[in-house]
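Note that the coordinates shown come from a computational prediction; the quantities given were computed from them, not determined experimentally.
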Amino acid sequence: PLIFGLAHAHHFVEHVRRLADKRAACAQVVFQLMYTSVFGAYATFLLLRTGSTVAIILVHSFCNRMGFPDLSFLQEGHEVHPWRWAFLAVYVVGIIAFGSLLWPATAGFPPIFACAPGEDAADH
């Protein structure tokens with residue numbers, strides 16, 4: 001997962017060109033490294049649970065298209081700022097639902113990375 005996150009460190013150059021501030025660019029890249037590492041863990045989980053690279057390609061494409069969630073409603077002056085707690089509650093419910101459905105949604109696939117009954121992983 002960390003390697004997946006580090007693969008996005010090249011964005012530092014783009015951020016420096018756009019922001020002209022190395023400190024701000026570094027903060028953005030560190031933040032991006034954190035959430036892409038979380039996604040890398042999720043992609044690893046999907047691969048181990050489903051054995052499908054197609055699933056990983058699809059969720060990666062979806063995440064790239066959607067981007068990081070827009071949290072600008074937390075700032076004073078945003079048009080939906082008065083309802084920020086409702087929006088945050090919906091985010092939390094979504095995160096909990098996602099987490100609780102990880103195992104059931106990936107069940108039923110053949111365990112292609114598991115050892116056969118009676119085998120030890122050290123034997124491979």
Side-chain angles (χ1 to χ4, degrees):
L2 183 59
I3 300 300
F4 183 83
L6 287 173
H8 293 80
H10 69 279
H11 292 292
F12 177 74
V13 176
E14 296 169 23
H15 293 310
V16 169
R17 287 182 186 150
R18 188 170 38 88
L19 300 172
D21 179 1
K22 288 183 181 177
R23 182 171 282 177
C26 187
Q28 279 194 334
V29 168
V30 167
F31 179 71
Q32 188 175 24
L33 179 98
M34 290 185 331
Y35 76 78
T36 53
S37 293
V38 170
F39 179 83
Y42 173 59
T44 301
F45 173 83
L46 274 182
L47 180 65
L48 293 176
R49 288 283 292 171
T50 68
S52 172
T53 54
V54 173
I56 296 168
I57 291 168
L58 289 174
V59 297
H60 188 250
S61 298
F62 178 78
C63 287
N64 280 351
R65 177 68 180 116
M66 297 306 292
F68 195 79
D70 181 9
L71 301 175
S72 63
F73 64 87
L74 294 172
Q75 297 176 343
E76 292 274 344
H78 193 279
E79 62 185 310
V80 297
H81 181 75
W83 298 283
R84 67 189 175 278
W85 294 111
F87 277 87
L88 284 173
V90 170
Y91 272 104
V92 169
V93 167
I95 291 167
I96 291 169
F98 178 81
S100 66
L101 291 172
L102 278 175
W103 288 95
T106 57
F109 292 91
I112 63 171
F113 292 105
C115 295
E119 286 187 358
D120 185 8
D123 296 337
H124 293 276

Open item on the list: Is the shortest side-chain heavy-atom distance between His81 and Glu76 below 4.5 Å?
Closed with: yes

Open item on the list: Ignoring hydrogens, what is the shortest heavy-atom contact between Tyr91 and Asp70? Give both atom names and the distance.
Closed with: OH-O, 3.2 Å

Open item on the list: Is there a continuous path of hydrophobic side-chain contacts, each under 4.5 Å between heavy atoms, that joins Phe31 to Leu71?
Closed with: yes

Open item on the list: Is the distance between the ring centroids of Trp85 and Phe73 under 6.0 Å?
Closed with: no

Open item on the list: Hydrophobic cluster membership, with links at side-chain heavy-atom distances under 4.5 Å among I/L/V/M/F/W/Y: are Val90 and Val80 in one?
Closed with: no

Task: Within-4.5 Å side-chain heavy-atom neighbours: Ile57 and Val54 - done: no

Open item on the list: Please tell me whether Met34 and Val29 are part of a single hydrophobic cluster in this structure, the criterion being side-chain heavy atoms less than 4.5 Å apart.
Closed with: no

Task: Main-chain N/O of Leu46 paired with Arg49 side-chain donor or acceptor, under 3.5 Å - done: no

Task: From CD (Glu79) to OG (Ser72), nearest 0.5 Å - done: 9.0 Å

Open item on the list: So Thr44 and Ile56, do their side chains get closer than 4.5 Å, heavy atoms only?
Closed with: no

Open item on the list: Hydrophobic clustering (ILVMFWY, side-chain heavy atoms < 4.5 Å, transitive) - are Phe98 and Trp103 grouped together?
Closed with: yes

Task: Reported CG-to-CZ distance for the pair Leu88 and Arg84, which is rounded to 0.5 angstrom - done: 8.5 Å

Task: Phe39/Phe45 aromatic ring centres below 6.0 Å - done: no

Task: Parallel, tilted or perpendicular, as decided by the 30° and 60° cut-offs, for the rings of Tyr35 and Phe68 - done: tilted

